[in-house]
Amino acid sequence: MSIVKIVHVPADVLKSTAEPVTDITDAIRTQIQNMFDTMYAAPGIGLAANQIGMLNRVVVMHVEDGNVDTGPVAMINPEIISASEDISEMEEGCLSIPGQLGKVKRPKSVKVKFLDIDGNEQELEGHDLVSHCIQHEID
């Protein structure tokens with residue numbers, strides 16, 4: 001597939017609300033593969049569609065941290081369905097704001113539901129870095 005340009009701040013597309021995906025087409029599947037290629041090349045652990053100029057609700061991630069390896073995960077129309085009351089503070093970066101890091105407080109654990117690349121509903125529970133990544137990309 002291909003690596004695409006990552007949009008940087010202050011681009012308006014980064015502040016815009018993404019629309020839900022209504023049909024998982026070959027174009028969406030190609031977009032997802034391009035997002036993975038771009039995320040790995042950056043390198044990063046997550047990428048949202050608006051970061052490549054697309055205003056649809058598509059997120060990709062691959063978190064490897066200690067004993068945790070999510071493998072490549074593509075989430076279409078992700079929605080956080082539960083979040084822990086416990087808070088975690090981590091330093092986060094963003095591929096759309098190169099060279100900047102900031103401490104961010106978020107729920108330590110979240111559960112997200114989404115459609116996979118075949119249109120099947122899935123759920124994923126994330127803790128610590130995985131939780132931060134999920135929330136960051138959905139934000």
Side-chain angles (χ1 to χ4, degrees):
M1 292 295 165
S2 60
I3 296 168
V4 295
K5 184 177 187 282
I6 295 175
V7 177
H8 294 155
V9 294
D12 287 338
V13 70
L14 296 172
K15 300 176 220 164
S16 301
T17 302
E19 296 295 323
V21 173
T22 57
D23 190 21
I24 302 172
T25 62
D26 286 342
I28 293 292
R29 289 183 185 93
T30 298
Q31 174 189 331
I32 288 168
Q33 186 57 58
N34 291 344
M35 288 174 68
F36 275 120
D37 292 346
T38 302
M39 179 190 73
Y40 288 130
I45 63 170
L47 189 68
N50 65 333
Q51 292 180 275
I52 61 162
M54 307 289 294
L55 280 176
N56 55 25
R57 296 193 60 219
V58 175
V59 167
V60 299
M61 65 178 238
H62 186 166
V63 178
E64 296 176 275
D65 184 41
N67 295 330
V68 174
D69 184 349
T70 64
V73 178
M75 293 185 268
I76 300 167
N77 299 333
E79 178 185 344
I80 294 173
I81 56 174
S82 67
S84 68
E85 291 184 21
D86 293 336
I87 299 299
S88 168
E89 183 175 10
M90 292 187 162
E91 209 166 54
E92 292 185 16
C94 182
L95 295 175
S96 291
I97 313 171
Q100 299 289 315
L101 295 174
K103 288 195 181 256
V104 179
K105 292 181 182 180
R106 299 185 184 273
K108 184 175 177 66
S109 300
V110 294
K111 185 182 283 188
V112 62
K113 75 174 181 178
F114 58 93
L115 298 177
D116 66 18
I117 201 163
D118 296 315
N120 300 310
E121 190 169 295
Q122 303 288 332
E123 288 186 3
L124 174 67
E125 189 167 338
H127 308 279
D128 301 312
L129 183 57
V130 176
S131 174
H132 275 255
C133 184
I134 290 167
Q135 293 173 81
H136 179 100
E137 298 310 332
I138 291 175
D139 284 354

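Every heavy atom of this structure was used, including side-chain atoms; hydrogens, water molecules and symmetry mates were not.
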**Prompt:** Between H62 and Y40, does the ring centre distance come in under 6.0 Å?
**Reply:** yes
**Prompt:** If we only count heavy atoms from C-beta on, is the D128 to K108 side-chain gap below 4.5 Å?
**Reply:** yes
**Asked** Are I134 and V73 joined in one hydrophobic group, where the rule is that I, L, V, M, F, W and Y side chains link up if heavy atoms are under 4.5 Å apart?
**Response** yes
**Request:** From the options Q100, H8, Q51, select the one residue that forms a side chain to side chain contact (heavy atoms under 4.5 Å, CB included) with C94.
**Result:** Q51
**Request:** Step through the shown structure and confirm whether more than 12 heavy atoms of other residues, nucleotides or ligands are within 6.0 Å of CD on E85.
**Result:** no
**Message:** Which residue in the set K103, R106, K105 passes salt bridge (Lys or Arg N to Asp or Glu O under 4.0 Å) when paired with E92?
**Reply:** R106
**Request:** Test M75 against I138 for side-chain contact (heavy atoms from CB on, under 4.5 Å), laying out the working first.
**Result:** CA-CA 10 Å; M75 293 185 268; I138 291 175; 5.6 Å; no
**Prompt:** Are V104 and H136 close enough that some pair of their side-chain heavy atoms sits under 4.5 Å apart?
**Reply:** no
**Item:** hydrophobic_cluster_shared for L47 and I76, side chain cutoff 4.5 Å
**Value:** yes
**Item:** Close side-chain approach of V68 and V130, heavy atoms under 4.5 Å
**Value:** yes
**Request:** For Q31 and N56, run side-chain contact (heavy atoms from CB on, under 4.5 Å): C-alpha distance rounded to whole Å, both residues' side-chain angles, the deciding distance at 0.1 Å, then the answer.
**Result:** CA-CA 10 Å; Q31 174 189 331; N56 55 25; 2.8 Å; yes
**Item:** Non-hydrogen atoms of V112 and P78 that approach each other most closely
**Value:** CG2-CB, 3.9 Å
**Message:** Side-chain heavy atoms nearer than 4.5 Å, only ILVMFWY residues, links allowed to pass through others: does that put V13 and V21 together?
**Reply:** no
**Item:** ILVMFWY network linking V7 to I97, side-chain heavy atoms under 4.5 angstrom
**Value:** yes
**Request:** Indicate, with yes or no, if M39 and I3 share a hydrophobic cluster defined by side-chain heavy-atom contacts under 4.5 Å among Ile, Leu, Val, Met, Phe, Trp and Tyr.
**Result:** no
**Request:** Say whether Q33 and D37, considering side chains only, have a donor N or O and an acceptor N or O under 3.5 Å apart.
**Result:** yes
**Item:** Backbone N/O of G53 and side chain of N50: donor-acceptor pair under 3.5 Å
**Value:** no
**Message:** What's the separation between atom CD in E19 and atom CZ in R57, rounded to the nearest 0.5 Å?
**Reply:** 9.5 Å
**Asked** Any idea which heavy atoms bring L55 and T17 closest together, and the distance?
**Response** CD2-O, 4.1 Å
**Prompt:** Are I32 and R29 close enough, and set up right, to give a side-chain contact (heavy atoms from CB on, under 4.5 Å), and what steps lead you there?
**Reply:** CA-CA 5 Å; I32 288 168; R29 289 183 185 93; 5.6 Å; no
**Request:** Find the distance between CD1 (I24) and OG1 (T22) and round it off to the nearest 0.5 Å.
**Result:** 9.5 Å
**Complete:** All heavy atoms of L95 vs all of A42, minimum pair found to be CD2-CB, 3.6 Å
**Message:** Check whether T38 reaches the backbone of V4 with its side chain - one donor and one acceptor, N or O, closer than 3.5 Å.
**Reply:** yes
**Prompt:** Do S88 side-chain atoms and H132 backbone N/O form a donor-acceptor pair below 3.5 Å?
**Reply:** no
**Side chain proximity check, I52 to K5, heavy atoms < 4.5 angstrom** = no
**Fill in**
Distance col, row E121:CD vs N77:CG, nearest 0.5 angstrom, shows 10.5 Å
**Request:** Go through the steps for I45 and L129 under the test side-chain contact (heavy atoms from CB on, under 4.5 Å), then give the verdict.
**Result:** CA-CA 10 Å; I45 63 170; L129 183 57; 4.0 Å; yes
**Request:** Check V59 against M35 and note the closest heavy-atom contact, atom names and distance.
**Result:** CA-CE, 4.3 Å
**Prompt:** Hey, does the side chain of D23 reach the backbone of T25 with a donor-acceptor pair shorter than 3.5 angstrom?
**Reply:** no
**Item:** Shortest non-hydrogen contact between E137 and A48, atoms and distance
**Value:** OE1-N, 3.2 Å
**Request:** Measure from the side-chain N and O atoms of N34 to the backbone N and O of S2, and report whether any donor-acceptor pair falls under 3.5 Å.
**Result:** yes
**Request:** Return the minimal non-hydrogen interatomic distance between P107 and S84, and the atom names on each side.
**Result:** CB-O, 3.5 Å
